[in-house]
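Worksheet for the structure shown next.
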Amino acid sequence: MRLATIKELLASKNLLQEVTIKGWVRTFRSNRFIALNDGSTLGTIQCVVDFENFDEELLKKVNTGAALKITGTLVESQGRGQSVEIQVSALEVLGIADPEEYPIQPKKHSLEFLREKAHLRIRTNTFAAIMRVRSTLSFAIHNYFRENGFNYFHAPIITGSDAEGAGEMFRVTTLDEKNPPLTEDGDVNYKEDFFGKETNLTVSGQLEAEAYAMALGKVYTFGPTFRAENSNTSRHLAEFWMIEPEMAFFDLDANMDLAEDFIKNVISYTLTHCQEDLEFLEKRLIDEEKSKPQAQRSDMPLIEKLKFVADNNFKRVSYTEAIDILKNCKPNKKKQFTYPIEEWGTDLQSEHERYLVEKHFKCPVILFDYPAKIKAFYMRLNEDGKTVRAMDILFPGIGEIVGGSQREERLDVLKEKIKELGIDEKELWWYLDLRKFGTAEHSGFGLGFERLVLFATGMGNIRDVIPFPRTPQNAEF
């Protein structure tokens, strides 16, 4: 007999069929009603046990969290809340869960508590819904790029370059930490390390993706990236996933068009394929926000907000125009910003980005043409010599969700930029080669996947949308 999923059975019209299912006990009431979940859906199926026909010692093992195999007849439910149920004819306990020790009992648990039980929190409705949405978003991303002629490119995780120029990287080494080999100057001699040079975990696959875009036309990466940033905010992780497309012959406008279309597409796909989970997460968010002041509550319910993003054009605004708006806005004039906006050239903070999105324009915003001094070396310099062809997409509740640019394709300009920043040209010899041999305009962007999941699920902390979060002082599990 084929093993059925609970999702299939809850949608089935084929009553009086004999079925076999396996799953985990959510509740067992009155020694008679087992609510079983197998991860295929948010819902549970009620399995009705005639306890007089089953061994009492067997039924004592049917506790929350236990794994069961149940065989029985699918019938119309006599109770409320479900259309079908299973009249149990055979029950096998596959794995016990001692109620004195099992922490995920049928009651409300705080998100902080569940982070300490990250290996078990997926058994709650909230985290099961989040992770099914995450899975669907992942599929939608791959599907979008496949349908739009992109090649999936696997960027190296170990690298000798710092694509962001931030310097906050995890070192990869096999040298003896207590007694490393030293040079004559007393520095660590990385020539004796495994790779013969200093290497780190990657912060981005962009530079390598550029090389492949300049041969395959359109490529994208979707993999783990790492930041050794000692930040314990609700928006930062030390290990996270990035989507980074790179496109040959794309200017900044084409880059912005693609990024907007991409985000709308994957959100629309998720709205279609995760309706049950999104409805659950929306209700959870509404209940959570009841305890907040009105000013801190979302303007729109979760699903309405997702549809709004999917169905409306993003507002495109230059950095210069955005600075004028922020300089003259009430929060800035009343010194309510933590970081006041005083002059052109200021690097925007999350509070500024969210003001533009949530208060001023009230829609997603694409900012472009940023000052060169606050952006990375590889971004194309504009004719004014002060700004670069950069763009960021800002979302409500999140701030920056996408960062991208038209890349600098001119060898002389790129070399001058590298020199100004004190970057060793020898470290980027291969990157400069791309500007020597068949150079052309090209563009790309990066999207932090967890921030997209954060937005799609309505969760408030990025630690809750990745299976096992890696943050400062925390690498458990």
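The analysis underlying the following values was restricted to heavy atoms, covering all of them including side chains, and did not include hydrogens, waters or symmetry mates.
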Lys264/Glu260 salt bridge by N-O under 4.0 Å criterion:
yes
Tell me yes or no: between the side chains of Arg407 and Asn255, is some donor less than 3.5 Å from an acceptor?
no
Could you go step by step and tell me if Val402 and Phe445 meet the side-chain contact (heavy atoms from CB on, under 4.5 Å) rule?
CA-CA 7 Å; Val402 164; Phe445 62 84; 3.8 Å; yes
Could you go step by step and tell me if Asp251 and Arg389 meet the salt bridge (Lys or Arg N to Asp or Glu O under 4.0 Å) rule?
CA-CA 9 Å; Asp251 63 9; Arg389 301 252 73 197; over 6 Å; no
Please check: side-chain N/O of His442 versus main-chain N/O of Ala440, any donor-acceptor pairing under 3.5 Å?
yes
Under a 4.5 Å cut-off applied to non-hydrogen side-chain atoms, are Leu326 and Leu356 in contact?
yes
Using a 3.5 Å distance criterion without hydrogens, assess whether the side chain of Asn151 forms a donor-acceptor pair with backbone atoms of Val219.
no
Under a 4.5 Å cut-off applied to non-hydrogen side-chain atoms, are Ile323 and Leu348 in contact?
yes
Would you give the length of the straight line joining atom NE2 of His352 to atom NE2 of His360, rounded to the nearest 0.5 angstrom?
14.5 Å
Do any N or O atoms from the side chain of Thr73 and from the backbone of Gln17 form a donor-acceptor pair under 3.5 angstrom?
no
Treating Thr64 as the side-chain partner and Arg26 as the backbone partner, does any N or O pair qualify as donor plus acceptor under 3.5 Å?
yes
Can you establish whether the number of heavy atoms outside Lys315 located under 6.0 Å from its atom NZ is more than 12?
no
Looking at Arg284 and Glu288, does any basic side-chain N land under 4.0 Å from a carboxylate oxygen?
yes
Can you confirm whether the side chains of Tyr319 and Asp392 place a donor and an acceptor under 3.5 Å from each other?
no
Only one of Arg470, Arg235, Arg134 passes salt bridge (charged side-chain N to carboxylate O under 4.0 Å, His left out) with Glu450; say which it is.
Arg134
Of the non-hydrogen atoms in Leu15 and Val75, which two are nearest, and what is the gap between them?
CD2-C, 4.0 Å
Side chains of Thr5 and Ile21: does their closest heavy-atom pair fall under 4.5 Å?
no
Are the side chains of Asp369 and Leu252 in touch, meaning some heavy atoms are under 4.5 Å apart?
yes
Using atom types as modelled and distance alone, determine if a side-chain donor or acceptor of Lys218 lies under 3.5 Å from a backbone N or O of Asn148.
yes
Sub-4.5 Å side-chain heavy-atom contact between Lys307 and Leu271
yes
For Glu282 and Ile303, work out which heavy atoms get closest and say how close.
OE1-N, 2.8 Å
Could you tell me whether the side chain of Asp38 and the main chain of Ile6 form a donor-acceptor pair under 3.5 Å?
yes
Measuring from atom CD1 of Ile157 to atom OG1 of Thr199, what distance do you get when rounded to the nearest 0.5 angstrom?
13.0 Å
Could you tell me whether the side chain of Val317 reaches within less than 4.5 Å of the side chain of Ile366, counting heavy atoms only?
no
Which atoms form the tightest heavy-atom contact between Ala97 and Ala66, and what is the distance?
CB-N, 3.6 Å
If you take the centroid of each ring, where Trp contributes its six-membered ring, are Phe145 and Tyr152 closer together than 6.0 Å?
no
Roughly how far, to the nearest 0.5 Å, is CG of Leu74 from OG of Ser12?
5.5 Å
Side chain Thr225, main chain Phe240, donor-acceptor under 3.5 Å:
yes
If you count heavy atoms of other groups shown closer than 6.0 angstrom to OH of Tyr212, is the number above 12?
no
Apply side chain to side chain donor-acceptor pair (under 3.5 Å) to Thr41 and Glu276, showing your working.
CA-CA 8 Å; Thr41 182; Glu276 179 189 45; 2.8 Å; yes
In Å and rounded to the nearest 0.5 Å, what is the CD1 to CG distance from Ile86 to Leu9?
5.5 Å
Enter the distance from Asn461:CG to Thr471:OG1 here, rounded to the nearest 0.5 Å.
9.0 Å
Does the side chain of Leu428 reach to within under 4.5 Å of the side chain of Phe377, using non-hydrogen atoms?
yes
Hey, is the main chain of Lys7 close enough, under 3.5 Å, to the side chain of Ser40 for a donor-acceptor pair?
yes
Crowded around Gln275 CD? As in, over 12 foreign heavy atoms under 6.0 Å?
no
Are the ring centres of Phe222 and Phe449 closer than 6.0 Å?
yes
Could you tell me whether Lys108 atom NZ has more than 12 heavy atoms of other residues or ligands within 6.0 Å of it?
no
Is the backbone N or O of Glu229 less than 3.5 Å from a side-chain atom of Glu168, with the two atoms forming a donor-acceptor pair by type?
no
Within a reach of under 6.0 Å around OH of Tyr339, are more than 12 heavy atoms found that belong to other residues, nucleotides or ligands?
no
Enclosure of Gln78 CD (heavy-atom neighbours >12, cutoff 6.0 Å)
no
Among Phe150, Tyr144, Phe153, Phe262, whose side-chain contact (heavy atoms from CB on, under 4.5 Å) with Tyr220 holds?
Phe150
Taking the six-membered ring for Trp, are the ring centroids of His273 and Phe139 within less than 6.0 Å of each other?
no
Between Asp287 and Lys290, is the salt bridge (Lys or Arg N to Asp or Glu O under 4.0 Å) condition met? List the steps.
CA-CA 5 Å; Asp287 291 342; Lys290 285 177 182 176; 3.5 Å; yes
Take Thr387 and Asn382, measure what side chain to side chain donor-acceptor pair (under 3.5 Å) needs, and give me the verdict at the end.
CA-CA 6 Å; Thr387 60; Asn382 281 320; 2.9 Å; yes
Scanning both residues in full, the closest heavy-atom pair of Arg435 with Glu210 reads NH2-OE1, 2.9 Å
Do Gln406 and Ser443 have side-chain N/O donor and acceptor atoms under 3.5 Å apart?
no
Would Thr71 and Thr20 count as having a side-chain donor-acceptor pair, cut-off 3.5 Å?
yes
For Phe308, is there any backbone N or O sitting under 3.5 Å from a side-chain donor or acceptor partner on Asn312?
yes
From CA spacing to verdict: salt bridge (Lys or Arg N to Asp or Glu O under 4.0 Å), Glu441, Arg380
CA-CA 9 Å; Glu441 67 181 8; Arg380 193 184 201 279; over 6 Å; no
Using only heavy-atom distances, determine whether the side chains of Glu244 and Ser204 contain a donor-acceptor pair under 3.5 Å.
yes
Search all heavy atoms of Gly205 against all heavy atoms of Thr221 and return the closest pair with its distance.
O-CG2, 4.4 Å
Shortest non-hydrogen separation from Gly65 to Arg123 and the atoms involved:
O-NH1, 3.6 Å
Take Arg316 and Asp257 through the salt bridge (Lys or Arg N to Asp or Glu O under 4.0 Å) test and state the conclusion after the steps.
CA-CA 11 Å; Arg316 299 188 184 187; Asp257 290 343; 2.8 Å; yes
Phe395 side chain reached by Phe314 side chain, heavy atoms, under 4.5 Å:
yes
Residues, nucleotides or ligands: over 12 heavy atoms within 6.0 Å of Glu112 CD:
yes
